[in-house]
Novice: 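Sharing a structure with you now.
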Number of protein chains: 4
Amino acid sequence: MCPQAVNRQARQEKIARAALTVFSKKGYAATSVREIAKAAGMGKGTLYEYFQTKADIFVAATKQWLNALESRFSIHVAGLEDPAERLTALAHAFVELVDPLDPMTARMSVEIIRQGVLQEGVLYDRRHELREVMLGTQKRVEQVLLEGISQGIFKAAHAKDVGKMAANFIGYLDGILLHSVMTKGELELKEHVDFFITTVLHFLSKPSGGPSRRGPQNADLKGAS
Amino acid sequence: MCPQAVNRQARQEKIARAALTVFSKKGYAATSVREIAKAAGMGKGTLYEYFQTKADIFVAATKQWLNALESRFSIHVAGLEDPAERLTALAHAFVELVDPLDPMTARMSVEIIRQGVLQEGVLYDRRHELREVMLGTQKRVEQVLLEGISQGIFKAAHAKDVGKMAANFIGYLDGILLHSVMTKGELELKEHVDFFITTVLHFLSKPSGGPSRRGPQNADLKGAS
Amino acid sequence: MCPQAVNRQARQEKIARAALTVFSKKGYAATSVREIAKAAGMGKGTLYEYFQTKADIFVAATKQWLNALESRFSIHVAGLEDPAERLTALAHAFVELVDPLDPMTARMSVEIIRQGVLQEGVLYDRRHELREVMLGTQKRVEQVLLEGISQGIFKAAHAKDVGKMAANFIGYLDGILLHSVMTKGELELKEHVDFFITTVLHFLSKPSGGPSRRGPQNADLKGAS
Amino acid sequence: MCPQAVNRQARQEKIARAALTVFSKKGYAATSVREIAKAAGMGKGTLYEYFQTKADIFVAATKQWLNALESRFSIHVAGLEDPAERLTALAHAFVELVDPLDPMTARMSVEIIRQGVLQEGVLYDRRHELREVMLGTQKRVEQVLLEGISQGIFKAAHAKDVGKMAANFIGYLDGILLHSVMTKGELELKEHVDFFITTVLHFLSKPSGGPSRRGPQNADLKGAS
DNA sequence: GATGAATGAGCCTTCATTCAT
DNA sequence: CATGAATGAAGGCTCATTCAT
């Protein structure tokens with residue numbers, strides 16, 4: 001009756017996970033199905049029991065990666081109250097994507113973008129799904145900004161621009177991350193991002209009313225850099 | 001040098017130009033040599049008279065593209081004196097890369113990055129060359145910043161950070177451009193970039209005119225924290 | 001013999017029946033074992049409990065089909081006494097193989113022939129078994145002819161040729177049936193077959209003894225057409 | 001300018017010819033492209049310079065075969081005046097299709113029919129083209145019949161039935177040929193066909209002028225059988 | 001006994017590269 | 001020089017068969 005009770009979803013996730021490591025290393029086109037199978041520790045044919053095509057495997061790997069990203073963001077931000085700190089934490093989560101010892105995630109992001117941008121790309125027809133995920137992160141940033149405003153920490157005048165600011169924030173992070181990957185660590189990613197945040201917070205923040213201007217200022221700057 | 005050499009180079013450029021249009025449309029892997037030959041209006045075998053491999057053609061196309069980019073920047077900036085205006089002009093040059101009617105250049109940039117980032121990428125072993133070109137643009141930005149400082153328009157305190165600032169500037173532009181390409185114009189690229197520049201200039205600029213320099217400066221510093 | 005054996009045979013027949021519908025629709029090569037299993041309402045592995053290979057399943061399906069054919073002939077001929085009528089009835093049984101609404105049987109016959117004729121065919125090594133069955137039908141025709149002669153209806157001179165005549169009869173029916181299938185009903189099968197029988201009976205029949213030659217002859221022709 | 005002046009059509013014919021021998025031996029599905037290439041004495045990839053798909057190769061092989069058939073018929077019939085002889089010659093051309101030493105053509109006919117009959121068959125969508133060719137042969141037979149009638153050799157009463165008769169004639173030949181192939185020569189093909197022609201001519205022919213009708217008729221039968 | 005998950009041989013097809021002309 | 005005909009390695013995918021459950 002029940003020969004092998006295999007958890008289909010678990011199997012698919014295992015494959016997607018294995019595929020992720022290979023795709024991120026060599027890209028979609030240069031990765032052969034055989035390699036994926038080997039990485040997943042199973043036969044070539046088995047992959048096709050769980051996915052229709054190589055492209056589907058790539059999509060699954062992509063989704064897995066995006067989910068991992070999301071949860072990483074959640075972990076970083078968890079427990080932080082101060083909007084400035086939360087913004088910084090988000091950026092740092094991005095920074096950590098570029099592990100010099102395992103730059104997988106960063107490379108994967110390049111490949112994903114490519115597959116979504118190029119007409120012949122595997123994700124081209126599903127790029128709206130990607131956009132959804134990215135919008136999720138963007139919304140997260142917007143919320144932080146709005147909280148900052150409502151808490152009186154950020155200037156209320158920017159309320160109408162939170163959308164643009166969030167998009168720019170994410171855009172910047174993606175861009176600088178790419179550059180970092182491309183230079184393989186020559187670029188001091190964290191320093192750059194911290195500096196960027198300084199810029200942004202400088203733009204956002206109200207003069208922190210108080211008797212002494214210098215003290216807090218220094219403290220803040222130290223923390224940001 | 002000799003006429004033949006000139007002829008040879010002209011041929012190579014013609015091929016590179018043709019290849020660029022195809023590569024930017026379909027990406028490296030999905031582009032066949034036959035297509036390039038057809039686009040260049042010559043036989044497949046002839047390509048191999050001027051290039052050793054398909055990868056070499058891609059490198060040539062890449063260089064051509066980067067040069068075109070450089071000259072585009074030069075044109076935009078030419079004649080502008082005010083550092084703020086020059087910064088803005090540079091950014092606008094980037095924005096115009098994403099022609100909604102011909103997103104070729106933007107897509108090409110994705111492909112180039114990918115080929116430079118992925119281990120199996122055609123440009124992987126030459127990514128330092130890419131880095132060179134990007135550093136060129138970065139230097140250009142740095143120079144504008146330094147000029148602004150020397151002209152007393154930008155705060156002198158940032159002099160030590162021009163490197164970071166320029167890298168961030170370029171990084172942001174690349175990132176937001178990618179997002180724009182990926183969303184196929186849903187994102188209002190120009191508005192976002194202009195807003196970003198506002199942020200940057202706000203951070204950079206001295207309080208424009210005023211009786212006391214210190215006061216405003218302090219205010220600025222406050223704002224940054 | 002023992003209950004299990006009976007059960008076993010029933011299972012095999014069920015599988016063969018299911019396989020027949022699929023094989024006749026798509027041919028041997030294009031039919032996958034999975035499809036057969038689904039059509040039989042059981043698991044793929046189960047099939048291999050009852051058959052060694054896919055080829056064996058095809059052989060079983062073939063035999064089932066041939067048996068069905070035989071019984072169809074029996075039914076048609078049952079109760080008819082007149083040899084001419086019996087011959088006609090046999091031919092009509094063939095004609096009905098090509099049901100425009102369900103051309104399964106006709107298509108199956110093509111596939112069977114193919115598998116028996118081609119070196120790599122599944123039935124190639126067993127084509128003698130097929131020949132047996134076909135000889136069965138041929139013998140049936142021969143017998144009708146001999147009865148007609150012994151009844152004085154057909155010319156006695158043909159007694160020595162009944163073998164050839166029967167073979168030709170069956171051969172013609174197979175051939176015209178194939179053509180009909182290939183033209184998907186554009187060919188008026190029944191009309192052609194009836195005309196053929198006219199020819200044959202004209203050749204076979206004695207001038208039906210009596211004062212007038214024309215009358216009876218006409219009668220025969222009418223009856224045949 | 002002109003690296004290799006290759007005669008495309010000659011090349012295609014060479015491939016088709018080679019493919020014919022393999023297809024006729026093993027059938028479409030069981031024949032691999034590699035085998036065709038080897039038989040044609042060229043690389044696998046070369047085939048795809050001249051044909052889009054394996055199916056296209058099969059179609060080309062089919063057409064070649066049909067053309068060969070046509071010319072064979074022409075040769076056999078050439079120079080014959082007497083309609084009866086021409087009919088016989090046509091039938092004999094068919095008979096010779098089954099060369100016991102090289103039964104290729106006969107097997108090919110089975111495969112062609114199959115591919116045209118089965119829904120998944122390669123020729124299924126082009127079965128009308130096949131029908132055209134077959135109609136060509138049929139027309140040829142019809143013409144012979146009509147000539148016989150106009151020459152006063154065949155009964156004028158059959159003029160309205162020449163269509164049916166020709167279709168039956170071809171149908172019979174195809175059918176008996178298949179049986180012959182399936183039995184690998186156990187069936188004496190020529191004898192059977194000759195006997196069949198006797199039947200047909202008996203049906204067709206006018207009593208060959210003479211005082212008595214019975215006499216000549218008997219004579220004919222003797223001679224024919 | 002019944003099942004379907006797993007497998008890998010083998011299929012058709014593409015394409016960068018070579019080379020005779 | 002210019003060409004495109006020729007090639008075979010390699011790719012994605014299918015599927016008959018096995019076997020653990």
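Chain letters run A, B, ... following the sequence lines, proteins first, then strands; residues in each count from 1. In this text the structure is predicted, and so the values were computed from the model without any measurement.
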Novice: Can a side chain N or O of A:T46 be found less than 4.0 Å away from OP1 or OP2 on E:dA5?
Specialist: no

Novice: Expressed in angstrom and rounded to an integer, what is the separation of C:E49 atom CD from F:dT18 atom C1'?
Specialist: 11 Å

Novice: Nearest 0.5 Å, what's the NZ-CD distance between D:K26 and C:Q119?
Specialist: 8.5 Å

Novice: Are OP1 or OP2 of E:dG4 and a side-chain N or O of C:R34 less than 4.0 angstrom apart?
Specialist: no

Novice: Would you say the side chain of A:R8 lies within less than 4.5 Å of the side chain of A:Q12, judging by non-hydrogen atoms?
Specialist: yes

Novice: With a 3.5 Å limit on both atom pairs, tell me what E:dT3 is paired to, counting Watson-Crick and G-U wobble, or say none.
Specialist: F:dA20

Novice: What integer distance in Å separates A:Y50:OH from E:dT7:C1'?
Specialist: 12 Å

Novice: Under a 4.0 Å threshold between the charged nitrogen and the carboxylate oxygen, would D:D56 count as salt-bridged to D:R126?
Specialist: yes

Novice: Any chance you could lay out the side-chain hydrogen bond (donor to acceptor under 3.5 Å, both in side chains) test for B:E35 and B:S32, step after step, and finish with the verdict?
Specialist: CA-CA 5 Å; B:E35 282 169 304; B:S32 72; 3.2 Å; yes

Novice: When you check the phosphate oxygens OP1 and OP2 of F:dC1, does a side-chain N or O of B:R11 lie under 4.0 Å from one of them?
Specialist: no

Novice: Please compare C:T53 and A:T53 by the position of their nearest nucleotide in DNA chain F and report the one closer to 5'.
Specialist: A:T53

Novice: By nearest nucleotide on DNA chain E, pick out whichever of B:T31 and A:G45 is the more 5' one.
Specialist: A:G45

Novice: Measure from NZ or CZ of A:K54 to the centre of the six-membered ring of A:Y28, then state whether that distance is under 6.0 Å and the direction lies within 45° of the axis.
Specialist: yes

Novice: Of all the nucleotides listed (E:dT17, F:dG12, E:dT3), which has the minimum atom distance to the side chain of A:V33?
Specialist: F:dG12

Novice: Given that both distances must come in under 3.5 Å, which nucleotide forms a Watson-Crick or G-U wobble pair with E:dC15?
Specialist: F:dG8

Novice: Please check the phosphate of E:dT14 (OP1 and OP2 only) for any side-chain N or O of D:Y48 closer than 4.0 Å.
Specialist: no

Novice: E:dC15 P sits how many Å from B:I57 CD1, rounded?
Specialist: 15 Å

Novice: For A:G43 and for B:A30, find the nucleotide of DNA chain E with the closest heavy atom, then tell me which residue's nucleotide is more 5'.
Specialist: A:G43

Novice: Picking from E:dA5, E:dA2, F:dA9, which would you name as closest to the side chain of D:K44?
Specialist: F:dA9

Novice: Is the phosphate of F:dA16 approached by C:K54 (side-chain N or O, under 4.0 Å from OP1 or OP2)?
Specialist: yes

Novice: Once you round it to whole Å, what is the distance between P of E:dG4 and CG of A:N7?
Specialist: 17 Å

Novice: Rounded off to whole Å, could you give me the NZ-to-P distance for the A:K38 and F:dA10 pair?
Specialist: 14 Å

Novice: Rounded to whole angstrom units, what separation is found between the CZ atom of B:F51 and the P atom of E:dT17?
Specialist: 13 Å

Novice: Report yes if at least one side-chain N or O of C:S32 is closer than 4.0 Å to OP1 or OP2 of F:dC15; otherwise report no.
Specialist: no

Novice: Starting at atom CE of C:M42, determine the distance to atom P of E:dG4, rounded to an integer number of angstrom.
Specialist: 11 Å

Novice: C:L47 has an atom CG; how far is it from atom P of F:dC15, in whole Å?
Specialist: 16 Å

Novice: Under a 3.5 Å limit for both distances, which nucleotide forms a Watson-Crick or G-U wobble pair with E:dG10, could you say?
Specialist: F:dC13

Novice: From C:T53 OG1 over to C:F58 CZ, what is the distance, rounded to the nearest 0.5 angstrom?
Specialist: 12.0 Å

